[in-house]
Amino acid sequence: MPEFCDVAVPMPLDMVFTYRVPPDATPVIGGRVLVPFRQQRTTGIVVELHDRKPSVTTKNILAVLDAAPVLDEQLLQLGRWIADYYLAPIGEVFRTMLPLNAEFKRSISYRLTDEGETALHQAGLSGSSARSRRTPEEQAAEFRVLDYLAASISDEDEPENKSGVPHGSPLLREVGAPADARSLIREESLRSATKVSRSILAGMVRKKWLTREDVSAAQDATRTIKIAVLKSAEDKLNDNQRKLVDTLAASGGKVPVTKLQPLDIPRTTLATLVRRGLVEILEEPAEFTVSRSKPRPSLFDFDLNPAQQSALARVREGVAAHRFSGMLLHGVTGSGKTAVYLAAMRGVLEAGRSAILLVPEIGLTPAVAADLHQIFGDEVAILHSALSDRERAEQWHRIKRGDARMVVGTRSAVFAPVADLALIIVDEEHDSSYKQEETPRYHARDVAVVRAKMANAVVVLGSATPSLESYFNAKKNKYALVELPDRVEQRPLPEVEIIDMRQEFQETGHEQVISRKLAAEIKERLERKEQVMVLLNRRGYSPVVLCRTCGKKLECQNCAIALTHHKREHKMVCHYCGFTAPVPKACVHCGSEYVYFLGTGSEKLEELLHGMFPQARIARLDRDTVRSHEDFERALNALNDGQLDLLVGTQMIAKGHDIHGVTLVGVVGADVALGLPDFRAAERTFQLLTQVAGRAGRGQTPGKVILQTYFQDHYAVQYAARHDFIGFYEKELQFRSWMHYPPYSALANVLVRSDKLDDALQWSGTLGKWFDATRHEGVRVLGPATAPIMRLKRDYRYHFVLKSPSRKNLNATLRAMLAYAAQEKIPRTQVIVDVDALWLM
Ligand SMILES: [Zn+2]
Ligand SMILES: [Zn+2]
């Protein structure tokens with residue numbers, strides 16, 4: 001075994017650290033080790049084993065946590081690429097790639113020994129020992145630890161405690177229990193209960209009163225959890241019992257007990273049902289108990305039209321060739337891209353290989369999960385944002401073991417540890433939820449392409465509104481461009497009518513939210529029993545509160561952002577940091593009572609529509625009404641089942657749903673973004689308008705879209721109205737080319753932030769002088785300037801925008817800048833480098 005190993009630790013540092021390998025330890029490259037780091041211990045990934053003695057003194061690694069790599073050679077290589085391309089600390093990249101936080105936290109536990117037991121009783125009998133050199137405080141601390149360990153039952157299982165005896169009860173204090181039957185208590189639990197330092201614990205381990213144990217990932221895999229299983233459903237149930245039985249039934253009859261807790265039903269209810277034999281409690285290995293939705297009749301019989309078939313054939317060819325190839329699947333809304341993805345994945349599964357399907361945040365509803373289970377059975381692992389750390393880790397192990405070869409998930413699923421990867425699909429590849437807006441700031445679509453290259457796999461990027469970058473790459477033959485030009489069953493795309501709201505204002509004499517035309521069209525649809533969606537991409541009731549006396553807005557305390565009035569919750573909310581304030585009766589600046597609530601959010605729009613159409617059944621879909629995927633699905637199901645006439649919402653309603661009864665889509669204020677100082681504003685607006693228009697007319701009746709705008713001449717609005725992606729793309733490319741924006745330039749946003757204005761100013765000034773004084777070939781630097789949102793979450797923000805036709809030069813400049821910032825003692829966490837930034841705000 002080599003004498004040293006280099007370890008990437010999850011800290012904001014652009015380097016790895018060398019540790020000495022103790023004689024009995026056998027770390028592996030790509031495996032986890034526990035190492036001392038500054039005053040703490042942390043888990044890191046071994047990146048190299050070697051015999052090169054470093055010039056500084058090295059510490060020993062404390063424990064080897066994995067006998068086999070958790071990151072294989074390819075994933076290590078992918079991690080290095082991300083660290084390099086996005087200038088992200090390598091240890092933080094690896095931490096992001098491995099969803100094993102639950103295990104990291106569980107790694108250190110303590111157990112009482114026979115000697116400890118004896119010491120406890122001697123202390124109890126004779127008081128403090130006269131021979132001891134310990135202070136009374138230390139002795140008291142040790143006694144608390146011994147007492148706690150002796151009295152505790154193991155907390156290695158679920159938090160529920162089996163005997164029903166609370167921690168610390170004297171009932172459990174049996175003298176002379178065999179050592180291995182004594183409880184293993186996690187360090188965090190022990191320290192929070194006894195308030196002792198790690199050095200006290202270490203001293204007690206040296207005295208052999210305690211043993212200190214590493215609970216490794218291997219032990220974790222054998223953990224069991226309690227499952228409630230529905231045996232039979234009886235009629236005579238009270239409300240709580242009914243709720244519980246219904247929940248079980250809706251989840252396919254089997255749910256982990258912990259999943260029932262949010263139902264807010266007394267614990268005795270479950271016990272009663274068990275006593276009556278209606279529900280049984282089983283213990284199962286944790287990793288097998290994936291809760292799952294009831295299967296629906298399959299929507300996908302893969303009856304593909306010729307365009308879908310030829311797209312599928314292209315994917316299959318690529319997969320069969322075992323060579324990298326990229327494909328951009330550009331299909332209009334409603335053209336059946338999903339069926340192509342799933343058919344391609346099934347082919348991969350039948351060939352005994354693996355596939356990953358990435359979907360945007362909101363795309364993974366319980367119904368989609370049910371469909372996936374129907375098609376792929378137990379071979380599918382679904383990774384969505386609502387999973388707990390522990391569930392995520394369980395899924396990771398299933399994939400790593402090869403039990404699940406079809407992986408479906410949001411952004412980080414691109415790191416799934418599948419073997420023999422044949423295909424990665426990125427659905428709605430233009431969706432901004434693929435970009436992680438914290439370190440490491442990677443874009444999952446771009447990482448998917450790189451991973452596919454490394455694995456000689458096929459990558460398919462699908463969208464009705466591809467990003468400029470992807471379409472540009474396809475046009476330059478980096479990817480094959482495959483079009484699905486028609487909707488399934490030759491359904492027509494909806495007719496789009498533009499309403500000029502400036503003219504509406506002139507003709508009616510006041511500011512309208514719903515134009516006369518849109519109101520008339522809604523009325524007509526409601527009379528015909530057809531359904532309507534209205535999009536307003538701004539939540540809350542009023543987005544601005546303005547004082548008429550002093551002219552000031554009510555702003556967030558932490559951000560330079562106006563607070564939004566939420567009427568139902570009766571408070572003012574910051575949509576950036578969550579800060580809330582009471583609804584003002586007077587101006588906070590001058591005390592004037594003349595405060596005005598201006599503008600319209602989705603909450604107010606819903607109220608307006610209720611007033612205009614009192615008979616209609618109206619619901620709202622936005623982040624205030626939807627707290628979970630289940631809420632989201634419930635609203636869509638209600639629409640699908642005809643229980644709703646009108647659905648109001650933010651961009652959430654625009655995303656890929658197939659509701660056949662919707663024949664009219666109204667768009668209110670979707671062009672707000674066009675007024676923002678952001679070079680992607682036109683692209684975003686075009687995408688949103690096209691996607692929401694795509695919700696209309698997916699059934700038998702043709703659809704119509706009413707698009708209200710104040711920018712009726714803007715090309716994003718005009719091309720969206722004509723369903724003309726190519727026209728938009730050509731026009732937008734001209735703009736990007738003139739302005740040296742992507743895809744013609746590589747771009748990075750460098751943000752300097754601090755909660756102290758002086759620091760933010762000084763640091764951005766220091767970096768600005770460095771940029772001025774240093775020659776960086778072919779890189780344009782703009783700034784420092786105040787960021788468009790100059791204060792956010794208490795931080796003052798200044799930024800630089802860097803552009804270069806050469807990515808290599810851009811990254812070299814950024815790297816040199818970071819090195820200079822480190823030299824000037826600017827904290828690494830306060831300089832954010834965002835390569836390929838989606839937002840410059
Ligand atoms: Zn005022
Ligand atoms: Zn705020």
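Whatever order the structure lists ligands and atoms in, that order sets their numbers, starting from 1. Everything numeric in this text was worked out from a predicted model, so none of it was measured.
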Opening angle at the Zn ion (ligand 1) [SG, Cys590; SG, Cys547; to 10 degrees]: 110°
- request: Would you mind telling me which of Gln503, Gln708, Glu504 makes a side-chain hydrogen bond (donor to acceptor under 3.5 Å, both in side chains) with Ser515?
  value: Gln708
- prompt: Of the backbone and side-chain N, O or S atoms of Cys587, does one lie nearer to the Zn ion (ligand 1) than 2.8 Å?
  reply: yes
message: Angle between ring planes, Tyr541 versus His565, binned at 30° and 60°: parallel, tilted or perpendicular?
response: perpendicular
task: Look at the N, O or S atoms of Cys577, main chain and side chain alike, and state whether any lies under 2.8 Å from the Zn ion (ligand 2).
output: yes
Residue of the set Gln691, Glu429, Arg684, Glu428 for which side-chain hydrogen bond (donor to acceptor under 3.5 Å, both in side chains) holds with Thr465: Gln691
- prompt: How many degrees, to 10°, between Cys559 SG and Cys556 SG as seen from the Zn ion (ligand 2)?
  reply: 110°
- request: Name the orientation class of the two ring planes belonging to Trp81 and Tyr86 (parallel below 30°, tilted from 30 to 60°, perpendicular beyond 60°).
  value: perpendicular
